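Worksheet: one structure, shown below.
Keep in mind the model is a prediction, meaning the values are calculated, not measured.
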Amino acid sequence: MGFALKQLHLEHHHWGMQMRGDSRREYARVKNMLLGSMILLPLLPLVLILGIGYYYFTTSVEQSTAESMKRIMTDHGLTIERFLHERQADLEFLLDTHPFEELRNTERLGHILAILQRRSPAFADLGVFNDEGLHVAYHGAYPLVGRIYKDAGWFQEVMVKPSYISNFFPGFRKEPHFIIAIARHEGGRRWVLRATIDTPFFNDLVKKVRIGRTGEAYVMSADGILQTDRRSGGRLMEPSPDRHLIPPGDGTVQSFITRDETGLKYLYSTLNLKGGQWRLIVRREVADAFAELRAAGYLIILIMAVGGAAITLSAVSLTRLILRRMEAAEQHQRQLNEQLVRASRLAELGQMAAGVAHEINNPLQIIKSEHYLIEMDLEELKASGVLPADATMAEIEESLAQIKKQVARCADITQSVLKFGRQSTPRIELLSLQSFIPEVIHMVAKNASVHGIQVQQRLAEDLPTVNADAAQLQQVLLNLLNNAVDAILERHGVDGGRLSVNAQATADGKVAVQVTDNGTGIKPADTHKIFTPFFTTKPVGKGTGLGLSVCYGLIDQMGGAMTVASRKDIGTTFTIELPAADTPGEGLCDDAPLDGGRAGNPPSDPEL
């Protein structure tokens, strides 16, 4: 056998060398064909795709940029309007809940200001005025109590309106600020509550919009005076440099492109605030706004210039990839052949194991015979009174019983090895699974118990007999049980493993045998390949990939079917379905865990 395997390996090596020479010539032909087709065909479609793509890209970018500016303008305008409305609502709520007599108390006014500042840090100070413009109460950073404001523009406005939001003005404090004033009638007089909005806070609120590298937002009054700083140049309360470029507002977002005072092109968006008293302006340099278009134009030119080279490089890369995959497939084929040689060696090893088991039977037969003679001699000596029935004699009898037990155990093992290793023509016969399955489980129960795996069997009481080859069915079940033990050990080690074998009749006249474990499970992508020859999930050197494929073939030859259901890191169930014979089996079901001993009632003294 060894010489035959060596000869097979040499023939396989010679065949492989010849095939590799033919493959190189085939690779060269495929390479030339692929390169020619992949370089010549794409040139015209490349030009058409680039031209059409640039047109649609330009249109899309221009539209999306304009829409983005309008959306930003609308959102930011709503934010500012909401800010002003909320501050005005705060003051109106304050007047609804506090009379002016209470607000005239400076200490009480300071307490209310603190509450407002906790709600919004935008409030800088609070003041109360009578209908003559006298500042009767104030809490803030400036000495304003007692000053007269009847000539101030904001005071004159609020005396005829219920509320007023001013433009920025310096006032008595000589610093730019704007106010929100609310007027109410109380006690026969008109009183005014005024709040100053913190200038840096409002400035930051408006300027926080950043669009690209050059985008900015600012507010100007209807007469062109800046109400916030302008990032590109322009201070608060200075005339805006581009005021003459802004058209009158109509209440909607207006977008246009024009050159500013520096000569740079800008994309503008404007929106009225405060009913047209303010104009919110968001602008961005055209070169920055449409930078993607310029980059796309350069890219198109570059692609057109080097298109041929790019297509060539792509063709070469793809060709190399295809050739590498072909070489990998050839390498895989060589590995399959090597696995076939290893499988042949395993078969030879199985024959050797069967021979060794057969040789062990001879000394076991002699030991059994000598044990029988010793028992007979002891009985005669005890009957004649030569050997008294004392403690020593009891120990001798116990030792003889242990010898008998271990001889029987060795006999069981050798019989199992002989049955497994015997290679003969399949012999289909009536087989009672009530006694057969426990025999097979007994062969692996000790190994499972040593590794802390709990083994259970559940056999239906009315389990029918089946038509099957006992040796082949034993081979299948042993393979499944050993695979289950390996999977359990890989996931749980020596703690927590469970292995069960169930058998019951099905409604369609078959007998289903299920081997279930809580091991590592099988990945969904591998489930449909699990019965493929030479496919294995075990590490290199620990599996040939032939076990399950052989088992599948054996069950198919018996007229049965074999399926698998598995979930990764949950467990696996292999199901064997065999046609039931006409005569039902007999026996009792067994549902007890095995601990190295036998399950069911197998013969305890098989013939040697």
Side-chain angles (χ1 to χ4, degrees), residues 75-131 133-142 144-145 147 149 152-169 171-173 175-187 189-209 219 221 227-228 236 271-278 280:
D75 293 344
H76 200 45
L78 289 175
T79 299
I80 296 173
E81 290 279 18
R82 188 181 300 114
F83 169 80
L84 296 175
H85 177 74
E86 289 177 352
R87 303 294 76 77
Q88 181 176 332
D90 290 339
L91 297 180
E92 291 175 348
F93 177 77
L94 179 59
L95 290 180
D96 291 338
T97 56
H98 298 78
F100 273 102
E101 289 299 325
E102 179 183 352
L103 297 176
R104 292 179 62 180
N105 186 304
T106 302
E107 183 178 350
R108 181 59 178 163
L109 191 64
H111 177 70
I112 293 174
L113 176 62
I115 295 175
L116 289 176
Q117 288 176 335
R118 284 198 295 271
R119 174 176 172 81
S120 172
F123 289 103
D125 58 30
L126 276 179
V128 178
F129 302 78
N130 62 18
D131 54 3
L134 177 63
H135 206 158
V136 297
Y138 172 77
H139 192 282
Y142 300 92
L144 301 178
V145 176
R147 292 186 179 273
Y149 287 81
W154 68 266
F155 185 80
Q156 295 176 1
E157 290 283 346
V158 80
M159 289 306 291
V160 297
K161 299 178 181 179
S163 63
Y164 180 70
I165 300 176
S166 72
N167 290 342
F168 276 85
F169 65 97
F172 287 113
R173 64 190 71 187
E175 291 184 6
H177 64 286
F178 80 98
I179 58 92
I180 300 176
I182 307 293
R184 291 286 175 88
H185 284 280
E186 185 177 307
R189 302 186 65 178
R190 189 175 180 87
W191 297 86
V192 177
L193 176 65
R194 186 191 77 169
T196 303
I197 302 301
D198 185 70
T199 299
F201 184 92
F202 184 74
N203 212 18
D204 292 340
L205 175 68
V206 174
K207 295 196 303 181
K208 71 179 181 181
V209 174
V219 175
S221 63
Q227 302 299 295
T228 62
L236 178 63
L271 178 66
N272 285 347
L273 298 178
K274 287 176 50 183
Q277 297 180 36
W278 288 354
L280 174 62

Can the ring centres of Y149 and F129 be said to be less than 6.0 Å apart? yes
Between N130 and W191, does a side chain to side chain contact (heavy atoms under 4.5 Å, CB included) hold up when you go through it step by step? CA-CA 5 Å; N130 62 18; W191 297 86; 3.8 Å; yes
Less than 6.0 Å separating the ring centroids of H177 and F168? no
Derivation and outcome, side chain to side chain contact (heavy atoms under 4.5 Å, CB included), residues L144 and R194: CA-CA 12 Å; L144 301 178; R194 186 191 77 169; 4.0 Å; yes
So the side-chain hydrogen bond (donor to acceptor under 3.5 Å, both in side chains) pairs with at least one residue in residues 198-208 (sequence neighbours excluded) are N203-D229
Between I112 and F123, is there a side-chain heavy-atom distance shorter than 4.5 Å? no
Exercise: identify the closest heavy-atom pair between Q117 and A124: NE2-O, 3.9 Å
Would R189 pass as a cation-pi partner of F100, given that its NZ or CZ must be under 6.0 Å from the six-membered ring centre and within 45 degrees of the axis? no
Please find the pair of heavy atoms, one from F201 and one from P121, that lie closest to each other, and give the distance. CE1-CG, 3.7 Å
So which heavy atom on G77 is nearest to which on L273, and how close? O-CD2, 3.9 Å
Return each pair, listed once, that meets salt bridge (Lys or Arg N to Asp or Glu O under 4.0 Å) where at least one residue sits in residues 117-130; pairs must be two or more places apart or across chains. D90-R119, D125-R173
I need the single residue from V206, N167, L236 that forms a side chain to side chain contact (heavy atoms under 4.5 Å, CB included) with V219. Which is it? V206
Side-chain heavy-atom pair I115, L94 within 4.5 angstrom cut-off: no
If you look at every heavy atom in R190 and V158, which pair is closest and at what distance? NH2-O, 3.0 Å
Which residue pairs satisfy the salt bridge (Lys or Arg N to Asp or Glu O under 4.0 Å) criterion with at least one member in residues 101-111, sequence neighbours excluded? E101-R104, E102-R108
Is any NZ, NE, NH1 or NH2 atom of the basic residue among D96 and R184 found under 4.0 Å from an Asp or Glu carboxylate oxygen of the other? yes
Does S166 offer a backbone N or O that forms a donor-acceptor pair with the side chain of K274 under 3.5 Å? yes
